[in-house]
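Reading through the C-alpha cells given below for one structure.
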Amino acid sequence: MKIFPDILPPLENQYLPSQPVNDNNLYQYAFNFSFQPHIVTEVGSGKIVLANHAACQLIGYSKLELLTINSKVIFRTNEKSFKEMLSQRKLTDHSVGHVEMIHKIGNFIPCEITSAVFTDNTGIEKAITTITDMRQDLKKRMAIAERKDKIVADNINLALAKQKDIDIRGKKVV
C-alpha cells in the first residue's frame, strides 16, 4: 500500500468565520470550519455537492475542483471495504468503513469514513461523509509492532546465547 505522507498545513485565520454565528447559519459554520474533513454527495450519482476546507486539504483539491468531480475520483471504489460500506449504508442509511482515498497526485490515504444518508428539501438523497485520516494511527501501530518484533528478536538472541553457554559447559537443557 502506497501511503501519502502528512502534508496538512495549519488552519489559517482566513478560514475562520468572518460573520457572527447565529442559529440560521450554525450548521453551515460547523461544517465549513471543522478541522474534520466532510463532503456531501448525491447518493445516486456520487457527485460531490459540498466539501469543507479540511477535505480539500486532505486530498489536495480546491473546493471548486471537488465540486466538479465524482466521489469515484477520490475513493478507491473497487475496494472490498468500500463496497461493504456502501452496502451497509444502503441497508441502514448510515455506515462506517476503513477505505483508501486518492490524493490529487494519485497517492492513497488510509481513512475511516462515516457516512449517513439524508433527503434534502428538494427530495434528493444525499450523503454526508466524515473522513478521519488514519496515517498517524497506522504509524503508531507500526512503531508498536516494530518494538514488539525487536523485543522478540532480542529474547531469541538471548536464549540462543544462553543455550550456547549451557552447551559449552556440557550441561543438560531442561
Side-chain angles (χ1 to χ4, degrees), residues 1-11 15 21 23-149:
M1 171 174 32
K2 188 177 181 184
I3 298 176
F4 195 66
D6 291 322
I7 60 163
L8 299 180
L11 193 64
Y15 303 111
V21 177
D23 288 344
N24 295 333
N25 60 9
L26 180 63
Y27 297 111
Q28 188 67 45
Y29 277 116
F31 180 89
N32 286 338
F33 301 110
S34 172
F35 287 102
Q36 188 75 36
H38 300 286
I39 61 170
V40 175
T41 57
E42 290 181 357
V43 171
S45 67
K47 180 180 180 341
I48 299 170
V49 295
L50 198 58
N52 69 357
H53 178 71
C56 296
Q57 288 282 295
L58 178 64
I59 53 179
Y61 288 92
S62 71
K63 190 179 269 190
L64 214 101
E65 289 173 316
L66 277 178
L67 298 180
T68 63
I69 62 174
N70 188 290
S71 59
K72 291 178 181 178
V73 174
I74 61 170
F75 288 107
R76 293 188 65 192
T77 56
N78 290 331
E79 278 189 308
K80 180 182 176 190
S81 60
F82 189 85
K83 290 177 182 179
E84 289 171 351
M85 184 276 305
L86 282 182
S87 295
Q88 180 65 31
R89 193 177 77 183
K90 282 181 185 177
L91 289 173
T92 64
D93 286 339
H94 63 276
S95 62
V96 176
H98 288 89
V99 301
E100 287 186 334
M101 294 194 75
I102 305 168
H103 190 276
K104 183 178 180 177
I105 64 171
N107 292 322
F108 302 130
I109 304 169
C111 294
E112 178 181 82
I113 61 172
T114 304
S115 188
V117 175
F118 65 96
T119 303
D120 72 7
N121 57 2
T122 64
I124 297 173
E125 270 194 331
K126 294 183 178 172
I128 183 165
T129 301
T130 301
I131 305 157
T132 303
D133 182 351
M134 299 301 290
R135 289 177 291 191
Q136 290 300 321
D137 184 59
L138 289 174
K139 285 179 186 178
K140 287 177 188 174
R141 288 181 192 201
M142 288 170 55
I144 290 169
E146 287 172 6
R147 284 195 301 267
K148 285 181 181 179
D149 289 346

dist Ile69:CD1 -> Lys104:NZ (nearest 0.5 Å) comes out at 9.0 Å
Between Leu58 and Ile109 the two heavy atoms that sit nearest each other are O-CD1, 3.3 Å
Between Glu42 and Ile124 the two heavy atoms that sit nearest each other are CG-CG2, 4.3 Å
May I ask you to decide if Ile131's main-chain N or O and Gln36's side chain share a donor-acceptor pair within less than 3.5 Å? yes
Between the CD1 atom in Ile48 and the NZ atom in Lys72, the distance rounded to the nearest 0.5 Å is 12.5 Å
> Is Arg76 salt-bridged to Glu100, going by a charged N under 4.0 Å from an acidic O?
Replying inline: yes
Closest non-hydrogen atoms of Phe35 and Ala54, given as atom of the first, atom of the second and distance, are O-CB, 3.4 Å
Quiz item: Between the main-chain N or O of Met85 and the side-chain N or O of Lys90, is there a donor-acceptor pair closer than 3.5 Å?
Solution: no
Checklist entry - Is the number of heavy atoms from other residues, nucleotides or ligands within 6.0 Å of CG (Leu91) greater than 12? => result yes
Requested in this report: Report yes if some heavy atom in the side chain of Arg89 is under 4.5 Å from a heavy atom in the side chain of Val43; otherwise report no.
Outcome: yes
- Run the numbers on Phe75 and Ile39 for side-chain contact (heavy atoms from CB on, under 4.5 Å), then give the verdict. CA-CA 12 Å; Phe75 288 107; Ile39 61 170; 3.8 Å; yes
Between Leu66 and Ile74, does the side-chain contact (heavy atoms from CB on, under 4.5 Å) criterion hold? Intermediate values first, please. CA-CA 9 Å; Leu66 277 178; Ile74 61 170; 4.1 Å; yes
Closest non-hydrogen atoms of Val40 and Phe118, given as atom of the first, atom of the second and distance, are CG1-CZ, 4.1 Å
(message) Does His94 form a side-chain contact (heavy atoms from CB on, under 4.5 Å) with Thr114? I'd like the steps, not just the answer.
(response) CA-CA 7 Å; His94 63 276; Thr114 304; over 6 Å; no
Checking Asn70 side chain against Val73 main chain: does a donor-acceptor pair fall under 3.5 Å? no
Quick check on Lys63: does its NZ atom have over 12 non-hydrogen neighbours (other residues, nucleotides or ligands) under 6.0 Å away? yes
Decide yes or no on side-chain contact (heavy atoms from CB on, under 4.5 Å) for Thr129 and Ser71, but give the supporting numbers first.
CA-CA 11 Å; Thr129 301; Ser71 59; over 6 Å; no
The reported gap from CG in Leu67 to OH in Tyr61 (rounded to nearest 0.5 angstrom) is 13.0 Å
When rounded to the nearest 0.5 Å, the distance separating CE of Met101 from CG of Asn107 is 13.5 Å
In this structure, CD of Glu125 is separated from OG of Ser45 (nearest 0.5 Å) by 11.5 Å
Value for CD (Glu112) from NE2 (His98), rounded to nearest 0.5 Å, stands at 4.0 Å
